[in-house]
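Following: one structure in C-alpha cells, then a few remarks.
Just so you know, these numbers come straight off a predicted model, no measurement behind them.
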Amino acid sequence: MTNAPDRFLTWRWEEEPDDSLIDDFSAAQIQAGVPPPPRRVVYTKDSKRPNAGTFVFGKEDHTLGNLLRVQLLSDAKVRYAGYRMPHPLIFDCHVRIETLDAKFTPTQALRTAIDNLQLEIDVLNRGFDAALAEYERSHDTFA
C-alpha cells in the first residue's frame, strides 16, 4: 500500500516527547502553526455531561482499547465504556468513559481500571513464575 505509513510508526515514537517541552510550548508557536509535541494520552471532557469524557491514547490499538473497556465495565460506578479506532491508518485509540455521577470522574475510573489491571498482571506473573519453577524442578536434566 503506497499511502500507508511505515510500519514502525505504529509503535515507535519518532522523538520521545519531553513533558518539559510540552509545558513550555508557547502561544507564539501555536500561532506560527508549529504543531505541539505528541502526547501519549490526551483527555477531553464532554461538553454536555460532567461525568463523561474521552481519552485518546497515541500509538495504541485494539489491544489496549478492548482491555480497558472490559476492565472499566467491571466497575459498578461506570455507566458506559467503549473504544474506537478512528481509521486504520491513524494509530490512536479513543476510549470514552461515562460514570454514574459526577463525584466519580472518568479520570478516577481510568486510574482505578489501570490499578486493577496491574494487580491482575501481578497475579498472572506470580502464577507463571511458580509454574515455570515447578516445570524446571520436574524436568531438571542436570540433577
Side-chain angles (χ1 to χ4, degrees), residues 1-27 29-30 33-143:
M1 194 182 303
T2 59
N3 64 345
D6 292 328
R7 299 283 295 168
F8 72 89
L9 294 177
T10 63
W11 55 269
R12 193 184 89 194
W13 291 89
E14 296 82 22
E15 296 178 15
E16 288 295 319
D18 182 5
D19 289 335
S20 64
L21 292 176
I22 293 171
D23 294 338
D24 293 338
F25 201 74
S26 69
Q29 289 172 308
I30 293 172
V34 177
R39 287 188 177 226
R40 292 180 191 245
V41 180
V42 176
Y43 176 68
T44 306
K45 258 184 114 162
D46 191 313
S47 60
K48 297 178 183 174
R49 296 176 180 243
N51 58 333
T54 302
F55 293 88
V56 177
F57 294 89
K59 305 281 186 183
E60 294 295 343
D61 61 4
H62 295 280
T63 305
L64 179 71
N66 195 42
L67 186 67
L68 286 175
R69 180 188 66 85
V70 169
Q71 190 66 39
L72 284 161
L73 289 174
S74 69
D75 190 341
K77 296 177 187 175
V78 174
R79 175 178 296 161
Y80 173 81
Y83 80 96
R84 70 182 187 96
M85 304 300 294
H87 188 274
L89 298 178
I90 298 173
F91 310 114
D92 289 342
C93 179
H94 297 224
V95 178
R96 179 164 169 73
I97 302 170
E98 183 178 342
T99 58
L100 290 175
D101 59 12
K103 295 176 187 171
F104 188 64
T105 66
T107 306
Q108 291 170 323
L110 182 65
R111 171 56 55 201
T112 301
I114 291 171
D115 290 344
N116 290 340
L117 281 171
Q118 232 166 355
L119 290 173
E120 286 183 31
I121 290 169
D122 290 342
V123 168
L124 285 172
N125 279 337
R126 284 194 300 273
F128 178 79
D129 290 341
L132 181 62
E134 177 63 30
Y135 176 82
E136 288 174 345
R137 275 194 302 274
S138 67
H139 291 81
D140 190 12
T141 59
F142 298 109

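The minimum heavy-atom distance linking Pro106 with Gly53 is given by the pair CG-N, 3.8 Å.
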Go through the steps to decide whether Phe55 and Thr107 satisfy the test side chain to side chain contact (heavy atoms under 4.5 Å, CB included), and finish with yes or no.
CA-CA 9 Å; Phe55 293 88; Thr107 306; 4.0 Å; yes
Please determine whether side chain to side chain contact (heavy atoms under 4.5 Å, CB included) holds for the pair Asp75 and Phe104, giving the CA-CA distance in whole Å, both sets of side-chain angles, and the decisive distance to 0.1 Å.
CA-CA 11 Å; Asp75 190 341; Phe104 188 64; 3.7 Å; yes
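Annotation: salt bridge (Lys or Arg N to Asp or Glu O under 4.0 Å) contacts of Arg96 (sequence neighbours excluded): Asp46. Checked against side-chain contact (heavy atoms from CB on, under 4.5 Å), Ile114 has the following partners two or more places apart in sequence or in another chain: Leu68, Leu110, Arg111. Every residue was checked against the side-chain hydrogen bond (donor to acceptor under 3.5 Å, both in side chains) condition with Asp115, not counting sequence neighbours, and none meets it. In this view, Glu134 and Arg137 satisfy the side-chain hydrogen bond (donor to acceptor under 3.5 Å, both in side chains) rule, not counting sequence neighbours. Listed by chain and residue number, Asn116 satisfy the side-chain contact (heavy atoms from CB on, under 4.5 Å) test with Leu119 (two or more places apart in sequence, or in another chain). Partners of Gln71 according to the side-chain hydrogen bond (donor to acceptor under 3.5 Å, both in side chains) rule, which considers only residues two or more places apart in sequence or in another chain, do not exist here. Phe57 pairs by the ring-ring contact (aromatic ring centres under 6.0 Å, His included) definition with nothing, not counting sequence neighbours. Partners of Lys45 by side-chain contact (heavy atoms from CB on, under 4.5 Å), not counting sequence neighbours, listed by chain and number: Tyr43. Annotation: side-chain hydrogen bond (donor to acceptor under 3.5 Å, both in side chains) contacts of Ser47 (sequence neighbours excluded): none. Partners of Tyr135 according to the ring-ring contact (aromatic ring centres under 6.0 Å, His included) rule, which considers only residues two or more places apart in sequence or in another chain, are His139. Shown here are the side-chain contact (heavy atoms from CB on, under 4.5 Å) partners of Val70, two or more places apart in sequence or in another chain: Asn66.
The CG atom of Asn125 sits 11.5 Å away from atom CG of Leu132, with the distance rounded to the nearest 0.5 Å. Atom-to-atom distance recorded for Leu64:CG and Arg69:CZ is 12.5 Å, nearest 0.5 angstrom. Note: Asp101 CG to Arg79 CZ = 8.5 Å, rounded to the nearest 0.5 Å. Summarising the geometry, atom OG1 belonging to Thr105 is positioned 9.0 Å from atom CD1 belonging to Ile97; distances are rounded to the nearest 0.5 Å. Interatomic distance, Leu72 CG to Lys77 NZ, rounded to the nearest 0.5 Å: 13.0 Å.
In this structure, the side chains of Glu98 and Arg49 come closer than 4.5 Å at one or more pairs of heavy atoms.
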Using distance only, find each side-chain donor-acceptor pair of residues 83-94 under 3.5 Å and give its atom names and separation, not counting sequence neighbours.
{"unit_1": "Tyr83", "atom_1": "OH", "unit_2": "His62", "atom_2": "ND1", "d": "3.0"}
{"unit_1": "His87", "atom_1": "ND1", "unit_2": "Leu89", "atom_2": "N", "d": "3.0"}

